[in-house]
Chemist: 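Starting off with a structure, shown below.
Read the numbers this way: they start at 1 and go in the same order the structure lists the ligands and their atoms. Remember, predicted model here, so these are calculated numbers, not experimental data.
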Amino acid sequence: MSKADDVFRKHLAMTTPFPIGIEIAKAEGSWLYGPQGEKYLDFISGIAVSNLGHGHPRVKEAIHHQVDQHLHTMVYGEYIQSSPNRLAETLVAILPENLNCCYFVNSGAESIEGALKLAKRHTGRTEIISFRGAYHGSTHGALSVSGNETKKRAFRPLLPNVRFLDFNEENQLQHISSKTAAVVVETIQGDAGVRIPDQAYMQALRQRCTEVGALLILDEIQTGIGRTGKWFAFEHYGISPDILCTAKALGGGLPLGAFISDLSIMQSLTESPMLGHITTFGGNPVACAAATATLETIKQEGLLDLVESKGALIENLLQHPRIKEIRRKGLFFAIDFETAEEVQEVVSTLIEEGLLSFWFLSCPNSFRIAPPLNISEEDLKWACAKILEIINRLD
Ligand SMILES: Cc1ncc(COP(=O)(O)O)c(C=O)c1O
């Protein structure tokens, strides 16, 4: 065991007894590098974060520039700072008209917490509706609206008044009522194994929320910032949420989240009593500078237009009798096998052989891939060939 490994296992909290545990010294483009020059292709983008790969020169330049101006100056919401201002303007410009006011936080779970509080405050109601299979984060509120019972059990009591429906089941939408403050839903369920809802369902969900005055919160923490070929996956469905949650890829590799709504809704947190939601680091100027550069780069490099063809290429290359199903939107993939054992074997061998993918929390017989949007065709083909080679070695 190396000294670094020893410190990692002894002095950093472990989330599982079996961390991947590879050592990273450097990262560039789609590749991570170990201290002895080991190479790993990041086919999962650090779980849908590094949508521009690692160390994109424009993102680094924006960070350097902001570091030279100033770091943290004050808690969120007090001072006028050009970096969060610019990010808000950039975001609002790519969003529907009703999503015009951004509350910046530090993570995905925090954006869910803020959105739930905002919905309760704005509607004066308490019931939250969520979906079986949902994952919204690990803090108490986000956990309360997540579906994985095994992960929740030890932490009860959680938030009261949360009801769960089956995802993509239109006939259950009548349970959303005038008691409902908000429906919180991943536009495409991620940790349940990339579950893609029907167009008609998403439109009916939007309509039902509008009918009964419940706010629709779309969790696009994993699906946003180009992952599915649109800025946000809801654009595929011709709908718009009342509150949008984003994080992960937003910060271009720095920690940043946001919940975004119409100003008339967001103002509910401003008064009566004021300070309805507060955060020290939300909207950190360096993270916001990285985020603006990320959005601008995705736009300038025309990456959204390339996502579908890259996704289709991967899907075509990964045809194999052991792969039972591929679920995909853009570059957001679940690869299904017959058994969880096959998945375990494939994912761990891939890591040993320099290709990084990952498991799902709630879908043991699939593994996930979500490569950087700007991955080269050469790297993408190498990855698919490697996956097939390893599948061919299975018993
Ligand atoms: C859909 C979704 N929502 C919320 C979260 C929580 O985000 P964070 O880990 O930044 O708190 C995640 C993280 O994986 C996610 O995938």
Side-chain angles (χ1 to χ4, degrees), residues 13 15-16 20 42 44-51 103-117 119 128 130-148 151-152 155 158-159 162 164 167-168 182-197 202 216-228 232-234 241 243-260 277 279 281-284 287 290-291 294 327 329-334 356-363 366-370:
T15 55
T16 90
I20 294 176
D42 188 1
I44 190 63
S45 306
I47 315 293
V49 169
S50 313
N51 283 8
Y103 195 127
F104 293 124
V105 290
N106 307 284
S107 67
E110 251 188 272
S111 77
I112 295 289
E113 299 293 338
L116 295 176
K117 285 175 66 185
I128 308 288
S130 183
F131 293 86
R132 297 190 180 89
Y135 181 73
H136 295 295
S138 203
T139 53
H140 268 85
L143 192 62
S144 303
V145 293
S146 294
N148 189 325
K151 303 276 187 297
K152 289 161 75 168
F155 303 108
L158 292 168
L159 272 186
V162 180
F164 286 86
F167 186 57
N168 204 24
V183 175
V184 55
V185 62
E186 292 156 90
T187 311
I188 293 170
Q189 281 196 331
D191 273 312
V194 184
R195 306 288 163 182
I196 302 163
M202 289 308 274
L216 178 61
I217 302 172
L218 288 183
D219 176 343
E220 294 248 11
I221 289 159
Q222 203 165 167
T223 49
I225 321 298
R227 172 62 42 206
T228 71
F232 292 95
F234 68 77
I243 308 176
L244 174 68
C245 291
T246 172
K248 281 195 179 277
L250 173 67
L254 291 185
L256 184 67
F259 56 102
I260 306 172
H277 192 73
T279 159
F281 285 121
N284 173 274
T294 299
R327 285 180 300 283
K329 195 82 177 169
L331 282 168
F332 190 36
F333 279 82
L356 302 173
S357 64
F358 208 60
W359 300 266
F360 290 103
L361 295 178
S362 304
C363 188
S366 302
F367 76 94
R368 59 165 102 198
I369 54 180

Chemist: Would you say the side-chain atoms of Thr187 and Glu220 include a donor-acceptor pair closer than 3.5 Å?
Modeler: yes

Chemist: Supply the atom-to-atom distance His140 NE2 to Glu113 CD, rounded to the nearest 0.5 angstrom.
Modeler: 9.5 Å

Chemist: Would you compute the distance between atom CD of Glu110 and atom CZ of Phe104 and round it to the nearest 0.5 angstrom?
Modeler: 13.5 Å

Chemist: Considering non-hydrogen atoms only, spot the tightest contact between Ile243 and Phe259 and give its length.
Modeler: CG2-CB, 4.1 Å

Chemist: Applying salt bridge (charged side-chain N to carboxylate O under 4.0 Å, His left out), which residue pairs with at least one partner in residues 131-147 are found, sequence neighbours left out?
Modeler: Arg132-Asp166

Chemist: Going by atom types alone, do Asn51 and Arg227 pair a side-chain donor with an acceptor below 3.5 Å?
Modeler: yes

Chemist: Below 3.5 Å only, please: the N or O atoms of ligand 1 paired with protein N or O atoms, distance on each line.
Modeler:
residue	atom	partner	partner atom	Å
ligand 1	3 (N)	Tyr135	O	3.4
ligand 1	3 (N)	Asp219	OD1	3.4
ligand 1	3 (N)	Asp219	OD2	2.7
ligand 1	10 (O)	Gly108	N	2.8
ligand 1	11 (O)	Ala109	N	2.8
ligand 1	14 (O)	Lys248	NZ	3.2
ligand 1	16 (O)	Gln222	NE2	2.7

